[in-house]
Amino acid sequence: ENNLSAIMVIFGGTGDLTHRKLMPALYNMLLDGLLPEKFRVVSIGRRDKTEEEYRNEVRTSIDKHSRNKVDPDKWAILNDMIKYYRFDFRDLEGYSLLKDYLYQLDKAAGTMGNRIYYLAVAPEYFETIVQGLYKSKMTKIEGAWSRLVIEKPFGKDLITARQLNQKLLEVFDESNIYRIDHYLGKEMIQNIMVLRFGNLIFESLWNNKFIDNIQISLTEKLGVGSRGGYYENSGAMRDMVQNHIMQILSLVAMEPPIKLDTDSIRTEKLKVIEAIEEISPEFLRDNIVFGQYGRGIIDGVPVQGYREEENVPKDSMTETFVALKLHINNFRWAGTPFYIRTGKRLGTYGAEIVIQFKALPNILYFKDSNIQEPNLLVIRIQPNVGVFFQFNTKDFSTHHDLVTTKMDFSYASPIQGNTPEAYERLIYDILRGDSTLFSRWDEVEAAWTVADKIIGYRKQSKLKFPNYDAGSMGPIRAFELLAKDGRRWWNI
Ligand code: BG6
């Protein structure tokens with residue numbers, strides 16, 4: 001199945017995701033020579049518009065959101081690949097017309113019947129569309145491949161996720177289902193395994209004997225904006241923890257896979273989630289903090305509180321912040337806590353993983369005035385992309401003191417150019433049929449098992465929201481969570 005020629009059918013072709021992420025990604029893939037020559041995008045939308053109008057809108061979006069600006073000659077190539085197809089995907093009769101249309105396009109463009117069905121629509125339509133494709137026999141074309149791509153949320157809890165999965169599996173094989181977790185497409189997330197398993201000095205120290213604690217922080221300055229309706233049913237737990245954070249945690253804590261193939265890697269990731277220590281309500285009482293933002297100031301601009309956002313009830317109890325301590329109960333990690341933190345409307349924007357190494361005995365250098373600073377390895381996911389290492393050296397000027405210094409490797413230097421966006425890598429992998437950077441069903445299932453317990457606990461807790469100001473770093477209790485263990489959050 002090395003044939004990359006294909007038609008990518010986007011359900012939700014006029015939506016936000018298509019304009020902000022998918023089209024810019026296709027454009028950059030074209031610039032990088034990763035888009036096959038025989039490739040077409042069929043964007044499906046309900047609105048009446050001409051192909052030309054649609055293409056112009058896409059061009060404007062690329063100009064606005066792409067890491068590379070529009071070059072007229074290159075754009076002309078993508079322009080010709082894009083089709084607009086007007087269709088209400090709830091109309092089951094319409095699928096056979098779509099099928100004919102795609103078939104004609106195959107003949108004209110040499111795309112050979114290969115299909116990517118990309119569901120960039122609200123999750124309540126996943127099933128309808130998959131049924132429509134199935135009933136019109138669009139999912140199994142002789143001698144060709146058909147792949148299904150779905151965006152999150154993959155269910156809203158374990159039960160609904162199972163139901164959805166069952167429906168998808170009736171139509172597509174697991175190997176042809178690509179569940180997007182766009183964090184896996186980020187450069188530094190892919191680099192976690194390389195750093196760990198490609199460097200003796202890191203891998204040999206990567207365990208509870210040498211690591212004091214690990215912190216995963218995904219902080220945003222943005223609020224929920226216009227997504228209040230979605231977010232009310234989601235909250236930070238479903239929006240960030242069940243998916244992105246669980247995936248990062250798996251990569252940071254996994255054992256080396258026996259090979260670099262998709263299943264070997266996913267199998268090791270799954271074991272991490274399965275090894276998360278039983279999280280009972282008693283455990284959670286002391287180890288989790290929920291928050292919701294009130295009014296505040298971000299970058300000097302006053303912003304409203306969560307309860308004042310569009311489509312959010314005045315008494316909403318949805319969490320926009322979570323801080324959590326977890327233990328992974330296996331030989332490598334027993335005793336080393338993992339602290340997780342994510343929230344909206346915080347004072348900083350960034351995603352990073354901090355590995356804090358254990359302290360040395362305070363015998364030689366760390367006496368009197370010299371306070372020991374730990375060795376830190378920081379994997380910077382965004383906005384900086386790179387690796388930072390903190391260590392101690394002798395201070396020239398005083399002859400005897402120590403100074404803490406750093407090695408800071410950043411990809412985002414002018415020489416290296418800007419780094420590819422997550423969706424570029426992910427779409428390319430879908431074309432190649434490589435699902436390593438997508439979630440396997442059992443990983444999703446294990447992550448829901450953990451998330452469900454936490455969400456269940458939140459529902460029965462008495463919380464006072466809002467409990468942090470926009471522009472702060474979250475509720476005070478999130479700081480106490482580490483302080484009571486004699487630790488602190490690092491903002492490096
Ligand atoms: C999405 C969440 O999955 O990730 C959003 O739904 C969040 O709420 C976003 O803002 C963060 O992604 P990124 O790539 O901007 O860090």
Side-chain angles (χ1 to χ4, degrees), residues 12 15-22 24-25 28 64-67 118-123 149-156 161 178-192 216-249 251 291-293 298 303 306 309-312 316 318-322 340-353 379-385 411-412 418-427 437-439 444 447-448 451 455 470 474:
D16 186 64
L17 181 77
T18 305
H19 279 282
R20 278 193 19 237
K21 299 287 186 186
L22 304 184
N28 286 305
K64 201 155 148 206
H65 301 292
S66 158
R67 64 189 171 96
Y118 201 117
L119 309 196
V121 297
V149 187
I150 36 180
E151 284 280 338
K152 72 153 214 288
F154 197 88
K156 68 176 178 44
Y178 291 73
R179 299 178 193 84
I180 296 251
D181 184 313
H182 78 282
Y183 266 69
L184 294 179
K186 293 186 192 264
E187 195 57 34
M188 283 314 289
I189 302 278
Q190 291 163 46
N191 214 336
I192 297 171
I216 301 173
S217 255
L218 309 186
T219 60
E220 297 185 90
K221 286 185 179 175
L222 288 178
V224 289
S226 59
R227 296 165 76 223
Y230 151 78
Y231 201 81
E232 266 301 288
N233 292 315
S234 154
M237 276 304 303
R238 294 189 177 101
D239 191 49
M240 300 294 280
V241 179
Q242 187 274 340
N243 39 39
H244 309 321
I245 288 192
M246 287 295 160
Q247 286 289 335
I248 297 175
L249 180 72
L251 288 164
Q292 185 193 75
Y293 62 85
I298 304 257
V303 296
Y306 178 69
E309 304 276 18
E310 197 184 316
N311 295 325
V312 174
S316 167
T318 302
E319 82 285 357
T320 62
F321 177 98
V322 183
I340 281 162
R341 171 172 71 161
T342 184
K344 294 208 179 280
R345 282 285 189 237
L346 298 176
T348 61
Y349 160 62
E352 55 188 32
I353 304 161
I379 301 175
R380 293 179 152 154
I381 301 161
Q382 62 193 28
N384 297 324
V385 181
Y411 276 101
N418 50 10
T419 56
E421 288 232 37
Y423 278 94
E424 299 171 33
R425 173 65 197 256
L426 296 176
I427 296 173
L437 298 180
F438 299 80
S439 324
V444 176
W448 271 123
I455 294 166

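Everything numeric in this text was worked out from a predicted model, so none of it was measured. Atoms within each ligand, like the ligands themselves, are counted from 1 in listed order.
Residue contact check: Lys152 has heavy atoms under 4.0 Å from atoms 1 (C), 2 (C), 3 (O), 6 (O) of ligand 1. Which parts of ligand 1 touch Gln382 is read off a 4.0 Å heavy-atom cut-off, strictly below it: atoms 13 (P), 16 (O). Within ligand 1, the atoms closer than 4.0 Å to a non-hydrogen atom of His244 are 1 (C), 3 (O), 4 (O), numbered from 1 in the order shown.
With contacts defined as side-chain heavy-atom distances shorter than 4.5 Å, the pair Val312/Glu232 qualifies.
Looking at every heavy atom in both residues, Val444 comes nearest to Ser439 through CG2-CB, 3.7 Å. Scanning all heavy atoms of the two residues, the minimum distance from Thr18 to Ala120 falls at OG1-CB, 4.1 Å.
Looking from atom 4 (O) of ligand 1 to the surrounding protein, the closest heavy atom is His182 CE1, 3.4 Å. Looking only at heavy atoms of the protein, atom 16 (O) of ligand 1 is closest to Tyr183 OH, 2.5 Å. Atom 7 (C) of ligand 1 has its closest protein heavy atom at Glu220 OE1, 3.5 Å.
For a threshold of 3.5 Å applied to N or O pairs, the pair formed by Asp239 and ligand 1 contains at least one separation below that value. Distances between N or O atoms of Tyr231 and those of ligand 1 include no value under 3.5 Å.
Scanning Arg227, Lys344, Lys186 for the heavy atom closest to atom 13 (P) of ligand 1 points to Lys186.
Counting only N and O atoms by type, the side chains of Thr318 and Ser316 include a donor and acceptor under 3.5 Å apart.
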Test log, rule side-chain hydrogen bond (donor to acceptor under 3.5 Å, both in side chains), inputs Tyr423 and Asn28: CA-CA 10 Å; Tyr423 278 94; Asn28 286 305; over 6 Å; no
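A perpendicular orientation is assigned to the rings of Tyr306 and Tyr231, their planes being inclined by more than 60° (bins at 30° and 60°).
Atom CD1 of Ile245 and atom CG of Asp239 lie 10.0 Å apart (nearest 0.5 Å).
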